[in-house]
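For the numbers below, each heavy atom of this structure counts, side chains included, while hydrogens, waters and symmetry mates do not. Since the model is a prediction, treat every value here as computed from it, not as a measurement.
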Number of protein chains: 2
Amino acid sequence: VISTRSLSKTYIMGTEKVHALRDITLDIKRNEYVALMGPSGSGKSTLMNLLGCLDSPTNGDYELNGINVSTMDDNDLAEVRNREIGFVFQTFNLLPRLSALDNVALPLVYSGLSKSKREEQAEQVLDSVGLGDRVEHKPNELSGGQRQRVAIARALVNNPAIILADEPTGNLDTKTSIEIMSILEKIHAGGNTVILVTHEPDIAEHAHRIIRLRDGLVEKDIRNQDI
Amino acid sequence: VISTRSLSKTYIMGTEKVHALRDITLDIKRNEYVALMGPSGSGKSTLMNLLGCLDSPTNGDYELNGINVSTMDDNDLAEVRNREIGFVFQTFNLLPRLSALDNVALPLVYSGLSKSKREEQAEQVLDSVGLGDRVEHKPNELSGGQRQRVAIARALVNNPAIILADEPTGNLDTKTSIEIMSILEKIHAGGNTVILVTHEPDIAEHAHRIIRLRDGLVEKDIRNQDI
Ligand SMILES: Nc1ncnc2c1ncn2[C@@H]1O[C@H](COP(=O)(O)OP(=O)(O)OP(=O)(O)O)[C@@H](O)[C@H]1O
Ligand SMILES: Nc1ncnc2c1ncn2[C@@H]1O[C@H](COP(=O)(O)OP(=O)(O)OP(=O)(O)O)[C@@H](O)[C@H]1O
Ligand SMILES: [Mg+2]
Ligand SMILES: [Mg+2]
């Protein structure tokens with residue numbers, strides 16, 4: 001479902017070039033469960049942004065569901081981002097003036113559901129991540145781990161085919177992390193494709209495949225034998 | 001050096017009251033190394049903000065170096081925050097329009113050092129956290145773990161007596177976490193007081209004392225026997 005060929009991303013800063021990604025060729029099938037790992041600065045978030053159609057590569061090709069993403073117009077891209085992909089950002093990216101409920105309900109705006117149905121669905125997902133009693137709080141009235149869970153809930157509310165989660169448990173205690181990982185397991189069991197960035201081997205253990213980046217290149221790509 | 005008596009913090013939201021901290025009585029001596037742990041939402045960041053003089057309690061007393069903080073005027077508080085305390089925020093709080101170098105050099109502005117000396121000292125600390133080649137990047141031109149390390153460098157540049165670090169390794173891979181922890185070890189060995197919030201038992205192992213919060217109260221407070 002995800003197919004990249006020699007993907008690269010270079011940032012130009014004055015006279016300096018930063019090769020965030022150098023040559024990424026990957027195939028990820030429908031319903032795979034992939035953990036993306038690697039040192040700080042190795043290109044994980046950059047790759048996730050390309051896969052999530054939030055950014056375009058400097059070079060190379062990216063096919064999503066068989067369609068070359070660079071040939072899609074803005075409307076198609078917006079549609080794909082809203083319906084096909086659920087993105088959990090490393091820095092959450094919540095809208096500061098909206099409550100947790102409204103933040104989570106936002107992706108449902110084009111779903112055709114009524115406002116009350118959207119709020120009901122958003123509240124349900126917030127409840128499933130343990131924030132049923134925090135739905136009216138704005139992001140600055142929430143703890144770090146609570147904001148992270150709102151970001152997770154927002155990515156899941158649409159039940160998108162592909163979940164891209166950039167370090168979804170970085171701010172969570174062990175018990176809460178286990179709850180979030182079991183939600184991702186359920187989603188994966190439901191047929192969705194899950195790609196998550198993590199630094200923690202315990203979290204990566206849940207995945208069926210582990211891809212390691214180093215300096216913008218794929219260093220390792222191995223099936224998780226214990227599953 | 002830090003002494004709290006029945007510290008509490010309540011947020012009022014319409015008709016609802018959120019008791020973020022209920023009754024915290026703690027004594028932390030000079031040169032202690034404390035890990036603060038507990039579930040997401042248990043009050044860790046709220047307590048850190050009170051200890052860092054970034055916020056004031058709803059009730060209770062806080063003495064820093066023998067002085068009751070609530071009796072200090074704004075100038076004294078600003079001085080304490082700038083000279084005595086180095087704070088690593090859970091959400092980094094870097095200034096978006098300044099480079100990493102300028103972000104890190106900011107606390108030195110009242111130190112009496114010349115601009116070039118400030119930049120030299122900032123560059124040195126950035127180098128020690130592995131960002132010597134990223135000093136001109138702005139925060140949005142850095143990875144999550146790189147931003148976290150800029151926030152850490154900024155907290156250390158002044159060599160403050162008390163380091164308050166709110167989950168300093170949440171976005172870092174294992175190898176980089178180990179490097180950061182050894183920097184904190186060195187600082188602690190130099191006589192400074194270190195209080196760090198963490199969710200990871202491996203990180204907490206470095207501390208001499210572990211304080212666990214739950215629902216705004218101290219649940220456990222134990223000396224780390226293995227040290
Ligand atoms: N401005 C606010 N208004 C209302 N409630 C708040 C506000 N700020 C924090 N809270 C609540 O206070 C509680 C404690 O928050 P705090 O940020 O201290 O938790 P924490 O232990 O740091 O959690 P985490 O591990 O997720 O970072 C949370 O339940 C949070 O929802
Ligand atoms: N806008 C930009 N301009 C210049 N360099 C950038 C920009 N964005 C990212 N970089 C650089 O690209 C590299 C890869 O960044 P990326 O965010 O993908 O890393 P990462 O693997 O997600 O790291 P982390 O684990 O710390 O989150 C980093 O070295 C970073 O400094
Ligand atoms: Mg990243
Ligand atoms: Mg916190």
Peer 1: Does B:Asn140, at its CG atom, have more than 12 non-hydrogen atoms belonging to other residues, nucleotides or ligands within less than 6.0 Å?
Peer 2: yes
Peer 1: Judged by atom type as modelled, is there a donor-acceptor pair below 3.5 Å linking the side chain of A:His199 to the main-chain atoms of B:Asn171?
Peer 2: yes
Peer 1: What closest approach, in Å, do A:Arg147 and B:Thr91 show between heavy atoms, and which atom pair accounts for it?
Peer 2: NH1-CG2, 3.5 Å
Peer 1: Name the member of A:Thr169, A:Val18, A:Leu142, A:Leu172 that forms the most heavy-atom pairs with chain B at distances under 4.5 Å.
Peer 2: A:Leu172
Peer 1: Using modelled atom types and a 3.5 Å cut-off, is there a donor and acceptor pairing between side-chain atoms of B:Asp173 and backbone atoms of A:Ser40?
Peer 2: yes
Peer 1: Would you mind telling me which of A:Glu136, A:Arg134, A:Met13, A:Gln146 has the largest number of heavy-atom pairs within less than 4.5 Å of chain B?
Peer 2: A:Met13
Peer 1: Which bit of B:Glu167 comes within less than 4.5 Å of chain A, counting heavy atoms only: side chain, backbone, both or neither?
Peer 2: side chain
Peer 1: Could you list the donor-acceptor pairs under 3.5 angstrom formed by side chains in residues 46-55 of chain A, with sequence neighbours left out?
Peer 2:
from	atom 1	to	atom 2	distance (Å)
A:Asn49	ND2	A:Ser45	O	3.4
A:Asp55	OD1	A:Lys9	NZ	3.3
A:Asp55	OD2	A:Lys9	NZ	3.4

Peer 1: Could you have a look at A:Glu200, A:Arg149, A:Gln148 and say which one has the most heavy-atom pairs with chain B under 4.5 angstrom?
Peer 2: A:Arg149
Peer 1: Are more than 12 heavy atoms from other residues, nucleotides or ligands located less than 6.0 Å from atom CD of A:Gln124?
Peer 2: no
Peer 1: Is chain B contacted by the side chain of A:Ser143, its backbone, both, or neither, given a heavy-atom distance below 4.5 Å?
Peer 2: side chain
